[in-house]
**Q** 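There's a structure below that I have some questions on.
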Amino acid sequence: MMNFWRTMLRNPGGVIGLMILILAVAVAVFGPLLFPTSPWRMVQRPFLPPFTAPGLPLGTDALGRDVLAGIVHGARVSLLVGLVSTMAALAVGIPVGAMAGYFGGRIGDALMRFTEFFQTVPSFALAIVLVAILQPSIVSIVLAIAIVSWPPVARLVRGEVLSLRTREYVQAAVVTGQSHSWIIWREILPNALSPVIVLASLMVATAILLESSLSFLGLGDPNLMSWGYMVGAGRTVIRQAWWITVFPGIAILISVLALNLIGEGLNDALNPRLNKEGR
Amino acid sequence: QEPKTGGVINAVIQPEPPGLMMGLVQNGPTQMVSGNIYEGLLRYSPKLEPLPGLAESWNVSEDGKTYTFKLRKGVTWHDGKPFTSADVVFSIEFLKQTHPRARSNFAQVDKIETPDDSTVIFNLKEPFGPFLGVFEVGSLPMIPKHLYEGTDFKTNPANNTPVGTGPFMFKEWQKGSFIRLVKNPNYYIKGKPNLDEIYWHVIPDAAARAVAFETGKVDVLPGGSVENFDVPRLSKLKNVCVTGAGWEFFSPHSWLWLNNRQGPTANKKFRQAVMYALDRNFAKDVIWNGLGNVATGPSGSSIKYYSSDVPKYDYDPAKAKALLKEAGYNGEKVRLLPLPYGETWQRWAEAVRQNLQDVGINVDMVATDVARWNQRTSEWDYDIAFTYVYQYGDPALGVGRTYVSSQILKGNPFNNVEGYSNPEIDKLFADGAVAFSDSARKPFYDKAQKILVDDVPVAWLLELQFPTITRCNVKNLITTAIGVNDGFRDAWLDK
Amino acid sequence: MSAATAVVSIKNLKLALPPGADRRYAVDDVSLDLTPGKILCVVGESGSGKSMCAHALMGLLPDTIGREAGEIVYDGHNLLALDETGWLALRGRHIAMVFQEPMTALNPLMRIGEQIAEMFEAHNLLTPKERTQKALQLLREVGLPDPERSMRAYPHQLSGGQRQRAMIAMALALEPAVLVADEPTTALDVTTQAQILKLIRDLQRSRNMAVMFITHDFGVVADIADRVIVLQHGKVVEQGAADDVLLRPQHSYTRALLAAVPSMQPPQRAPLAGRAKAVEVVGLDKTYVSGGGWFQPERRVRAANEVNFDILKGETLGLVGESGSGKSSVARLVMRLIEPDQGTIRLGDIDFTRIGGKELRKARSRIQMIFQDPFASLNPRRKVGNIIADGPIAHGTDAATAHKRAGELLGLVGLNASALERYPHEFSGGQRQRIGIARALALEPEIIVADEAVSALDVSVQAQVLNLLEDLKKRLGLSMLFITHDLRVAAQICDRIAVMQRGAIVELKPTAALFSAPEHAYTRELLAAVPGQTSSSRAA
Amino acid sequence: MLAFIAQRLAKAIVVLFAIVVLNFMLIRMAPGDPAVVMAGEAGASDQMFVNQLREKFGLDKPLPEQLFIYVKGIATLDLGFSFRQQAPVSQLIVERLPATLLLTLTAFAISLLLGILFGTLAARFAGTWLDTAVTIFSLIFYATPLFWVALMAILLFSVAVDWLPSFGYETVGANYTGLAHVLDVGAHLILPATTIGLFFMATYSRMTRASMLEVQRHDFVKTARAKGLRNAVIQRRHVLRNALLPVVTLAGLQAGTLVGGAVLTETVFAWPGIGRLMYEALLQRDYNLLLGVFVVCSAMVLAFNLITDLIYRSVDPRIEFAS
Ligand SMILES: Nc1ncnc2c1ncn2[C@@H]1O[C@H](COP(=O)(O)OP(=O)(O)OP(=O)(O)O)[C@@H](O)[C@H]1O
Ligand SMILES: Nc1ncnc2c1ncn2[C@@H]1O[C@H](COP(=O)(O)OP(=O)(O)OP(=O)(O)O)[C@@H](O)[C@H]1O
Ligand SMILES: [Mg+2]
Ligand SMILES: [Mg+2]
């Protein structure tokens with residue numbers, strides 16, 4: 001573990017990404033303390049450009065709402081959507097993949113067909129349908145994103161489990177009489193985790209983007225301020241007021257970038273082959 | 001200025017119409033495109049006076065029960081067959097099966113006589129005040145009998161190649177891209193139409209529509225084609241003309257449905273509080289860019305018998321709070337359904353939510369898509385819901401249906417959805433419809449307006465205006481009360 | 001030794017390891033000469049710096065390795081000072097190399113012919129057509145069967161031995177003056193190994209090449225070396241003519257290495273007849289079916305064919321045979337890691353093949369396994385204590401007792417009880433194998449199956465582990481199924497030996513009888529292929 | 001090989017059948033139906049109107065019966081009738097499919113080409129500033145919402161400089177033929193295809209980079225160096241070819257996302273493809289059409305997977321079509 005942190009910290013990209021993420025999380029957690037009023041409140045004239053009115057460094061939007069307050073409050077929702085939907089996707093994908101890989105045969109085949117089903121239906125389209133069915137709300141959005149993003153997890157985990165299943169230490173567990181669930185949870189999954197973690201860091205980013213795309217199509221949660229909402233809503237007035245969409249856009253960009261950098265960093269840190277040898 | 005002939009107009013259509021057969025499909029885009037292909041018996045001036053259409057002249061009997069129309073001679077369908085009084089009778093039969101508005105408009109018709117090919121006589125059971133206002137192309141498009149008689153209307157292959165009598169003929173429809181109409185060379189008015197072709201472009205994204213106009217790829221943006229925020233910017237461009245005309249007949253009126261049956265909104269005081277809480281001038285100035293008017297009551301100001309002598313509701317949060325207290329409102333959650341018609345409506349809903357929250361109403365916004373919005377409103381599953389409705393020039397056609405108790409019909413999105421029921425109002429609208437002559441009708445409507453505004457069955461917002469944006473060399477585009485929907489018959493291009 | 005001048009000389013080479021490595025220098029002050037027509041064997045335990053020397057010769061050192069001092073002189077130039085363009089001209093043409101793993105040293109996506117022809121292409125020699133012809137001729141020369149077909153084959157379509165022949169053909173294509181072979185036969189089974197060794201020897205003689213041959217197998221050294229150099233921790237501890245080093249080792253390390261080489265002479269063993277049977281295997285059959293499906297024809301491999309044997313209480317039965325003969329399959333069948341198609345396995349009084357579920361899990365404690373790869377057989381994310389205690393806990397022992405017992409077991413296999421709290425990667429290969437043995441013993445089994453349990457270890461460590469096993473077996477009265485491809489090891493530890501060929505047991509005899517009077521032709525072939533028989537007998 | 005394809009097709013049909021049934025259920029769970037939508041659009045309605053529409057759409061029958069009718073239709077390759085659009089679903093889809101295929105395949109090619117190019121570059125210069133620059137460049141397009149990039153592209157290339165058309169598939173009314181037509185469609189294609197392509201490029205470039213670095217460590221690369229081959233040749237012939245194998249697999253898996261990702265792009269660029277058709281069908285609850293698009297998209301993805309599998313197998317001789 002120490003070793004892991006050391007390698008992680010040696011990767012400048014990963015460190016920068018981690019710092020940005022920590023900052024974003026801090027904003028999400030403590031930001032509402034700095035901006036205690038609702039981000040929906042109309043506080044000033046609409047379309048105030050940034051850096052013109054005191055107290056409104058990023059200007060106001062089409063209804064005269066504070067863009068900065070929106071970004072601060074939006075961090076909470078966007079990150080929440082990203083993290084929770086990723087967790088949920090992992091919660092489905094890991095067991096399905098693990099069981100498919102471990103048991104193989106008919107069960108594995110059935111599980112993979114099931115996965116394939118979710119994979120062949122265009123994911124964005126499926127997300128739209130699901131949100132439309134469940135009616136847009138933070139819960140349904142998270143759910144829809146999770147439902148469309150678990151198949152890659154399942155496939156990845158299955159691949160890992162398939163190769164780990166034949167490892168000698170797994171066989172050793174079998175011959176000492178361990179149960180299936182014990183073998184899956186204690187022997188196999190801990191060793192399959194590193195690629196999953198890397199994938200997960202990318203999924204968080206994808207989820208944030210997916211939420212913004214849903215918002216763009218009018219399928220966001222109308223009661224919660226999110227970056228995706230801001231970008232989508234500001235888009236229509238981009239010609240008059242670039243700042244309404246550019247600032248939240250940058251927030252998304254930076255967060256996604258940070259998560260990707262973390263992913264890369266993790267990838268390098270968790271891959272012993274990559275961090276040991278030179279070329 | 002003398003009209004010039006020739007030229008092509010590129011216009012925008014949004015959303016893409018599901019079909020162009022006006023008798024079967026009544027949605028906005030269909031009417032806009034097909035208004036060039038089909039025609040009605042009458043047209044209406046911006047003051048809503050009848051003008052000749054396929055009917056050359058008309059007269060009404062003293063008792064208001066017999067209407068005689070003389071049809072124009074020498075009119076042919078696009079396929080060359082002559083247009084006759086039999087087509088008129090057939091069209092009414094047809095539309096009574098497929099067109100809910102025509103069904104109620106012609107409910108009073110007892111029988112129709114056609115003494116010759118160019119005369120149609122309607123005999124009514126009782127006088128029907130607004131009868132002369134139901135003959136425009138959207139309410140009564142003429143449908144070719146020779147193509148539809150004895151067929152299953154819905155699956156008739158002719159639906160895909162609509163045939164009318166209008167100035168333009170259907171030529172080509174590339175689904176998802178454009179609809180192409182060409183000049184009808186045999187049009188019965190010599191020298192018309194002036195234009196050679198019209199392209200209706202399907203561009204689903206509002207910003208992209210604005211760009212298409214800006215870059216000169218399209219010349220006409222019918223009302224509602226671009227987001228309101230873009231209107232001032234586009235109108236400032238060189239050689240761009242903007243007009244609010246052409247909506248007099250529809251006079252779209254927006255309001256919030258307030259569910260009169262249950263929840264806090266069942267309380268009149270609460271509803272009045274809502275009226276006081278709304279900053280409608282803000283909505284007009286910021287969200288609609290100063291277009292339109294603040295609505296004073298159930299009737300739009302261009303509708304017949306409009307009365308401004310009604311109680312006033314100015315923006316007054318303090319009064320709203322007081323009324324809420326009187327109503328005994330204790331912070332129950334109130335569901336607000338925005339209209340899923342794009343960013344403008346979304347912003348408006350956000351502003352309204354803020355207004356309501358400011359006076360202490362606990363609002364929960366519920367996002368829907370079009371299908372769901374229609375379903376929830378028509379099944380009364382809401383507390384407050386945005387909407388806007390066409391008024392069709394006459395309170396008996398477009399206003400009363402929202403307030404009379406006979407129109408409380410679950411499952412239909414445009415009637416008395418709020419569930420307001422007041423026998424007095426029922427009677428006033430019933431009497432107003434069958435009275436004959438303006439002076440006889442007016443008192444009923446004056447009174448109805450006063451009562452309604454006090455009761456606040458719905459919270460009226462704005463009389464909307466959907467500006468039509470064109471390049472200035474497109475001339476004479478809008479001449480009647482239904483604007484672009486009446487076709488490009490008179491339009492010409494100044495090259 | 002003849003005093004021929006060296007083609008290449010390594011002089012005082014000193015290569016630094018990156019910071020954080022287990023020692024400072026990968027290679028420390030190494031000097032050696034390669035002379036035409038002679039084979040220099042480089043021996044030493046794993047990690048002693050053998051491959052480093054080879055890579056330095058090829059200019060293929062990783063860029064994390066610091067070139068501290070020394071020089072490599074070839075044709076009057078110092079190769080260490082050579083730039084990349086200089087190397088391009090040299091590699092392949094003047095110095096060529098054969099790698100250890102024939103599996104991975106060939107590009108899986110290119111045909112063998114292309115890969116050989118590429119050798120000429122790299123140095124802009126010959127026309128494409130001539131290259132093909134030359135490649136064909138080379139393949140014929142290294143004795144590949146059906147060279148025309150082999151030209152068109154992809155690496156995976158050849159056996160390990162064939163691949164290694166192709167690699168050699170490639171290395172010899174441009175008739176280099178120096179051939180570097182880094183453990184070229186370690187991945188091959190004995191019979192194939194013997195053939196490859198002969199091939200290298202013959203080619204080297206006919207072309208008068210200087211060969212640097214890296215190995216850790218003294219049998220191979222004895223068979224092939226003209227000169228020997230012994231490395232330990234990057235330092236040369238001894239170097240000299242083969243006979244001198246093997247027969248009269250000067251350095252204690254060399255002596256220790258030689259002493260650890262098991263002899264082909266089976267020790268005297270007390271007969272065990274009359275004891276009860278611990279395991280009884282009757283008519284075991286297993287056919288692997290792969291591919292298959294609705295429309296696809298399937299591929300069948302018969303890995304166990306009518307296998308019968310039994311193991312008496314306290315007896316060790318050896319199972320030998322070439323690679324792919326089905327040894328591991330039998331082990332896995334006996335362990336019920338895979339299901340047999342037919343046949344029964346009886347453990348004492350229970351029919352191990354007929355039970356399942358909980359009952360099976362319980363019965364598993366009677367038979368345990370020691371795995372081949374000490375690195376792959378321990379879960380890298382579990383502490384050693386847990387690894388050993390997990391089994392007893394699964395069988396109902398309470399955690400405290402199990403951990404205490406785990407500590408005792410570590411003592412039994414010669415490790416400190418403090419190892420309980422450490423992770424596997426903190427141990428050396430030999431120590432890990434001891435942990436694996438402790439795990440197998442934790443459930444107090446009656447039978448132990450050891451599948452190539454010592455093959456991955458250095459000779460010296462191998463000897464220690466073998467002694468440990470022998471000792472434990474005696475003390476605990478275990479029966480053992482001992483699988484190996486190393487007949488020397490088998491000779492030392494087994495009471496009886498079964499010889500497997502293509503899934504079937506062709507001969508099963510007491511060890512001494514098998515070595516002195518092999519009956520089956522295949523057994524004789526195997527015995528003859530064991531390297532180093534002449535000189536090691538001298539050495540022993 | 002043929003047997004392999006046949007087997008895969010058989011499996012695909014099973015999956016497709018499941019897709020039909022599950023999607024049928026899913027779509028019907030969405031509240032609202034086409035009759036309500038049309039009633040809403042008409043701006044006025046009564047009970048008769050809604051009932052008529054329900055009957056017309058076949059919605060008055062019990063759900064299992066509707067499903068049965070639909071599945072029976074599918075079995076004869078009949079995707080049903082879109083009553084809203086007054087046309088057979090298959091006709092509506094066939095009209096739009098070429099545009100979508102053109103768009104997605106071009107985008108696919110762009111993303112693969114750029115991705116492999118940048119990935120190779122990054123791997124070649126791993127750890128240098130160029131590596132970082134390439135990483136950030138590809139991530140920028142990955143991290144920016146697609147619709148935003150699309151709009152920016154329009155503002156830049158259609159409004160600021162009038163180089164490329166901002167909407168549609170071809171210049172309407174120009175009636176180009178032959179080469180002029182091809183060029184015209186090409187000009188319309190550039191912005192939408194590049195927008196999607198740039199987004200997906202990131203995944204491929206990351207994957208190529210990682211895979212190249214991984215392959216670089218294989219023994220056969222050392223063998224190649226030992227032959228005296230120039231580094232450029234080694235990278236191209238030995239490293240890249242092996243490194244592309246996982247990229248090919250990924251490409252097959254991405255196909256689904258690609259088709260779905262076209263919804264936004266087709267909307268912004270008014271591209272007459274099935275992504276938009278699907279979105280509109282969803283909004284209007286045009287069940288048959290929506291299902292039809294889903295089935296066709298899934299079939300496309302399965303076909304894509306099969307093709308990439310075939311490519312994989314033809315590139316990698318280790319996998320054999322047992323024959
Ligand atoms: N790429 C590398 N980077 C850093 N250290 C390395 C590298 N390769 C090998 N080493 C280290 O250099 C030392 C010598 O390794 P080398 O590969 O020469 O051993 P060897 O004698 O060939 O062993 P084996 O018999 O296991 O092949 C070892 O300590 C090893 O850990
Ligand atoms: N899971 C499997 N599926 C298909 N074939 C297999 C499988 N496992 C082994 N085989 C094949 O069965 C045969 C016997 O394999 P096995 O592993 O038992 O040989 P072995 O004697 O242990 O060889 P080695 O000395 O190389 O370990 C080989 O031809 C092998 O390719
Ligand atoms: Mg080595
Ligand atoms: Mg084996």
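Within every chain, numbering begins at 1; the chains are lettered A, B, ... in the order of the sequence lines, protein sequences first and strands thereafter. Side chains are part of it too, since the values below use all heavy atoms of this structure and drop only hydrogens, waters and symmetry mates. Keep in mind it's a predicted model, so treat the numbers as computed, not measured.
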**Q** So which of B:Arg347, B:Glu343, B:Glu227 has the largest heavy-atom pair count under 4.5 angstrom toward chain A?
**A** B:Arg347
**Q** Distance only, no hydrogens: is a donor on one side chain within 3.5 Å (strictly under) of an acceptor on the other, for B:Gln14 and B:Ser225?
**A** no
**Q** With a 4.5 angstrom heavy-atom cut-off, could you sort out which part of B:Asp230 is near chain A: side chain, backbone, both or neither?
**A** both
**Q** Less than 4.5 Å to any heavy atom of chain B: does that hold for the side chain of A:Pro46, its backbone, both, or neither?
**A** side chain
**Q** Within a strict 4.5 Å, meaning less than it, do heavy atoms of the A:Ile147 and A:Phe118 side chains meet?
**A** yes
**Q** Working to the nearest 0.5 angstrom, can you tell me the gap between A:Trp243 CH2 and A:Leu48 CG?
**A** 7.5 Å
**Q** Start with the C-alpha gap between B:Thr387 and B:Trp373, add the side-chain angles, then the distance that decides, and say whether side-chain contact (heavy atoms from CB on, under 4.5 Å) holds.
**A** CA-CA 10 Å; B:Thr387 194; B:Trp373 181 88; 3.5 Å; yes
**Q** Please tell me whether B:Gln354 and A:Arg65 have a donor and an acceptor in their side chains that are separated by less than 3.5 angstrom.
**A** no
**Q** Identify which part of B:Asp364 has an atom lying under 4.5 Å from any heavy atom of chain A, answering side chain, backbone, both or neither.
**A** both
**Q** Would you call the rings of B:Trp348 and B:Trp345 parallel, tilted or perpendicular, where under 30° means parallel and over 60° means perpendicular?
**A** tilted
**Q** Which atoms of B:Arg372 come close to chain A, meaning under 4.5 Å heavy atom to heavy atom: side chain ones, backbone ones, both, or neither?
**A** side chain
**Q** What part of A:Ile128 is in contact with chain B, defined as an atom under 4.5 angstrom from a non-hydrogen atom: side chain, backbone, both or neither?
**A** neither
**Q** Between B:Met365 and B:Gln346, does a side-chain contact (heavy atoms from CB on, under 4.5 Å) hold up when you go through it step by step?
**A** CA-CA 10 Å; B:Met365 193 129 103; B:Gln346 190 60 36; 3.5 Å; yes
**Q** Relative to chain A, which segment of B:Val366 carries a heavy atom at a distance below 4.5 Å: side chain, backbone, both, or neither?
**A** both
**Q** Can you check whether anything in residues 329-341 of chain B gets within less than 4.5 Å of chain A, heavy-atom wise, and list it by number?
**A** none
**Q** Is the positively charged end of A:Arg239 above the ring of B:Phe229, judged by distance under 6.0 angstrom from the centroid and angle within 45° of the axis?
**A** no
**Q** For the side-chain contact (heavy atoms from CB on, under 4.5 Å) test, which of A:Val43, A:Val67, A:Leu68 pairs with A:Leu56?
**A** A:Val43
